[in-house]
Amino acid sequence: MSEQNKPTNFIRQIIEADLASGKHEKIHTRFPPEPNGYLHIGHAKSIVLNFGIAEDYGGECNLRFDDTNPHKEDVEYVEAIKEDVRWLGYQWSGLYYASDYFEQLYQFAVELIEKGLAYVCDLTPEQVREYRGTLTEPGRESPYRNRSVEENLDLFRRMRAGEFPDGSRTLRAKIDMASPNMNLRDPTLYRIRRGAIHHQTGDEWCIYPMYDFTHPISDALEGITHSLCTLEFEDHRPLYDWVLDHVSAPCHPRQIEFARLNLEYTVMSKRKLTQLVEEGHVEGWDDPRMPTIAGLRRRGYTPASIRDFCNRIGVTKVDGTVEMGVLEASIREDLDRTAPRRMAVLDPLKVVITNYPEGKVETLEAPNHPKDDAMGSRQLKLTREIYIDRADFRESANKKYKRLVLGGEVRLRNAYTIICDEAVKNDQGEVVELRCHYDPETLGRNPEGRKVRGVIHWVSASEGVEAEVRLYDRLFRVPNPAAEDAPLGELLNPDSLKVVQAVVEPALADAAPGERFQFEREGYFCRDAVEAEQGRLVFNRVVTLRDSWAKVEKKGG
RNA sequence: UGGGGUGUCGCCAAGUGGUUAAGGCACCGGACUUUGACUCCGGCAUCGCAGGUUCGAAUCCUGCCACCCCAGCCA
């Protein structure tokens, strides 16, 4: 897989330069999710970047939960996130929580107060907003801005002691209310959250530090060398640096921003993903149509394919949108190499092979992979009655159609050729059964004097096994749902899931949960692990095969 | 109308004054084929616009234009 090709990007170039110049001997990165939701493919980009750099430069990467807002967070998410990171194939050097640093953070805040660089402000949230000014007008200084160090120290201590109600006071940095950068207009450092039970620290604290104060210090305490985050934090970098410049932190990591991932035909924001789940448009966070790691996993994506995808799309500061085709190409490339082949008929049409003895069951050997003998083979069962896919028969067609037509001949994959003699119809004129005869001389060799161009898949009617197959497609009908005005629910692709009752070859009956196959001529499928717990045989379509016939057909083939 | 960013093929993305402007995905031809798959061969851009500097510019300068982000006691 193209995964071996070492990625290069502007961040890696910075790191290589820092290593070459001796600025750093060892690189230390971190992946810092807030445990307030499930990870998605956009997080995978960050994970592959951070852990990939640590791997490639002999450094380390921490997993750190940015848990400074107890209102939104939960242990359920920390466990899910750990599982997802591991599943993607990474092992963190250190597992930390920003909440591990609450006491140290408090002391650093005290240090700022003592330096006259932070103050307790009694403005209400509404007043703070008014005082902040606008994008084009400077803000005004808070009337509490010049309290004495002693008073600030006292008030901050009492904030911690729980003496003041939520929203009544904050600790603010004293920077510049006229700064063109809004983040520098005396940003909030601490707020009061009295009733909150934090998932790690319980009720030990009733004041909580803000991201802008917590993040640089957490990075510094862990000895992070390069703090990689997304573009929307570019404006926060001056504040990140201000904090570290004014506090006695052990080091000063460098924040570097890159563009977050946008993928066509899906959404990535936590709010919208939550909406999909809560409004019942999908069955849950692990619905195979979701761009979550859990969803992709259940769909049948491999960790390697996701890593490969992340390396293919690169890392830059350009705010772009990647086509689904790239993700699909990654999983196809992986599964083409690794998935055993099987036959499954998704839209069964019965075929009676009239010259095949009734009751006979012939065992045929079929390779698991056309190009990899090491993958072995499995047994097929041929009988007088079989199923083929409806789409593989037409009463008549032009020469571009290579499948079965009335009077025509086609090869049954891994078996004999058959010639169609009759199409039996019901009262509505629909074809309900085909009567064909086979050529016993064509097993493993071509018939004399004629060329059979088509090959179709099939399954024995009596030996085949019934299975539910879920055909997934893109969740939305528009490339960029987030940019539309209409409610999310109206932008969904009505065909994002089609459930069919299929007949699959016997070997598929004991597929392991999560096991992946190529259903020949159809696509890649994976046995649904959740349904497997109930003993149900359900397959999810990971992705279709590339289909050049569909293009020919569309053009009038 | 303030500040911070970004503009190279349909999509992603190399490129860091002298290269025929990498590569991947997609697309279009063709070969092969017991998967209309895979594989293979071939095709596919003058770099947002306009000026300027230079023997030479996607790369430097100037001026425009377009798009993204910022006014949470969210991250």
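Per chain, numbering begins at 1; letters A, B, ... match sequence-line order. Here the structure is a predicted model, which means the values were calculated and not measured. Side chains are part of it too, since the values below use all heavy atoms of this structure and drop only hydrogens, waters and symmetry mates.
- For the pair A:L412 and A:K551, nearest-nucleotide mapping onto RNA chain B gives the more 5' position to A:K551.
- Checked against B:U35, B:A75, B:A14, the side chain of A:V455 finds its nearest nucleotide in B:U35.
- Considering only heavy atoms from C-beta on, A:R394 stays 4.5 Å or farther from A:L404 through its side chain.
- Regarding contacts with the backbone of B:U33, every side-chain N or O of A:R521 stays at 4.0 angstrom or more from both OP1 and OP2.
- Classified by its glycosidic torsion, B:G72 falls in the syn category, the angle being within 90° of 0.
- Considering only the side chain of A:K371, B:C38 comes nearest among B:C38, B:A75, B:C73.
- For B:G4, the base has no donor-acceptor partner in the side chain of A:N181 [N/O atoms by modelled type, under 3.5 angstrom].
- Taking the side chain of A:E520 as heavy atoms from C-beta on, and the options B:G36, B:C27, B:U35, the nearest nucleotide is B:U35.
- Taking only side-chain atoms of A:R546, from C-beta outward, the nucleotide of B:A26, B:C68, B:G4 with the closest atom is B:A26.
- Following rounding to the nearest Å, A:L239 (CG) and B:G3 (C1') show an atom-to-atom distance of 15 Å.
- Under the 3.5 Å distance criterion, with hydrogens and angles disregarded, a donor-acceptor pair is assigned to the side chains of A:Y101 and A:E222.
- Close to B:G72, at under 4.0 Å from its OP1 or OP2, lies no side-chain N or O of A:T188.
- A donor and an acceptor atom, one from each side chain of A:H215 and A:R30, are located under 3.5 Å apart.
- A:I11 places its CD1 atom 12 Å from the P atom of B:A13, with the value rounded to the nearest Å.
- Ring geometry, A:F156 versus A:Y190: the interplanar angle exceeds 60°, so the pair is classed perpendicular (tilted spans 30 to 60°).
- Distances were taken from every side-chain heavy atom of A:L135 (C-beta onward) to each of B:C70, B:A75, B:U16; the shortest belongs to B:C70.
- Residue contacts for A:L184: at a heavy-atom cut-off of 4.0 Å it reaches no nucleic acid atom on any strand shown.
- Among the protein residues, A:S548 comes within range of the sugar-phosphate backbone only, with heavy atoms under 4.0 Å from sugar or phosphate atoms but none that close to a base.
- One donor-acceptor pair, N or O on each side, does fall under 3.5 Å between the base of B:G10 and the side chain of A:E323.
- The listed nucleotides are B:U6, B:A13, B:C25; the one nearest the side chain of A:K317 is B:U6.
- Across all non-hydrogen atoms, the minimal contact from A:D392 to A:Y401 is C-OH, 3.1 Å.
- Of the candidate nucleotides B:A75, B:G5, B:C73, B:C73 has the atom lying nearest to any side-chain atom of A:V128.
- A:R341 comes within contact range of at least one nucleobase, with a heavy-atom separation under 4.0 Å.
- Counting distance only, with no hydrogens placed and no angle test, the side-chain atoms of A:R403 and the base atoms of B:G36 include a donor-acceptor pair under 3.5 Å.
- The distance between atom NE2 of A:H236 and atom P of B:G3, rounded to the nearest whole Å, is 18 Å.
- Taking only side-chain nitrogens and oxygens, A:R185 never comes nearer than 4.0 Å to OP1 or OP2 of B:C70.
- Considering only side-chain N and O atoms, A:R337 lies nowhere under 4.0 angstrom from the phosphate OP1 or OP2 of B:C38.
- Residue A:R342 contributes atom CZ, which lies 14 Å from atom C1' of B:U35 at whole-angstrom precision.
- Nucleic acid contact class of A:Q518 (heavy atoms, under 4.0 Å, all strands): base.
- Note on A:A259: nothing from the nucleic acid sits closer than 4.0 angstrom, heavy atoms only.
- If A:E234 and A:G320 are placed on RNA chain B by their nearest nucleotide, the residue sitting closer to the 5' end is A:E234.
- A:T417 comes within 4.0 angstrom of no nucleic acid atom, judged by non-hydrogen atoms across all strands.
- When Watson-Crick and G-U wobble pairs are counted only if both distances are under 3.5 Å, B:G7 pairs with B:C65.
- Here the nucleotide nearest the side chain of A:I313, chosen from B:C12, B:G3, B:A71, is B:C12.
- Applying side-chain contact (heavy atoms from CB on, under 4.5 Å) to A:F258 and the options A:N9, A:L49, A:T316 leaves one that passes, A:L49.
- Stacking annotation: A:Y211 is not stacked on the base of B:A75 (requires ring centroids less than 5.5 angstrom apart and an interplanar angle below 30 degrees).
- Within 4.0 Å of A:G167, counting heavy atoms only, lies at least one base atom of the nucleic acid.
- One can place CZ of A:F233 at 15 Å from C1' of B:C68, the figure rounded to the nearest angstrom.
- If you check B:G72, B:G24, B:G36 against the side chain of A:R312, the one that comes closest is B:G24.
- A donor-acceptor contact under 3.5 Å is formed by the side chain of A:Q13 with the base of B:U16.
- Across all strands shown, B:A14 remains unpaired; no Watson-Crick or G-U wobble contact has both distances below 3.5 Å.
- Atom CE in A:M375 sits roughly 17 Å away from atom P in B:C38 (whole-Å rounding).
- Rounded to an integer number of Å, the gap from A:N311 CG to B:G23 P is 19 Å.
- Of all nucleotides listed (B:C74, B:U35, B:G2), B:C74 comes nearest to the side chain of A:K72.
- A:T321 has no side-chain polar atom (N or O) that falls below the 4.0 Å cut-off from OP1 or OP2 of B:C11.
- Per the geometry, CG belonging to A:D336 stands 11 Å off P belonging to B:C40, to the nearest Å.
- Pairing each heavy atom of A:Y38 with each of A:H43, the nearest pair is O-CE1, 4.0 Å.
- For the atom pair A:T170 OG1 and A:I207 CD1, the distance stands at 11.5 Å (nearest 0.5 Å).
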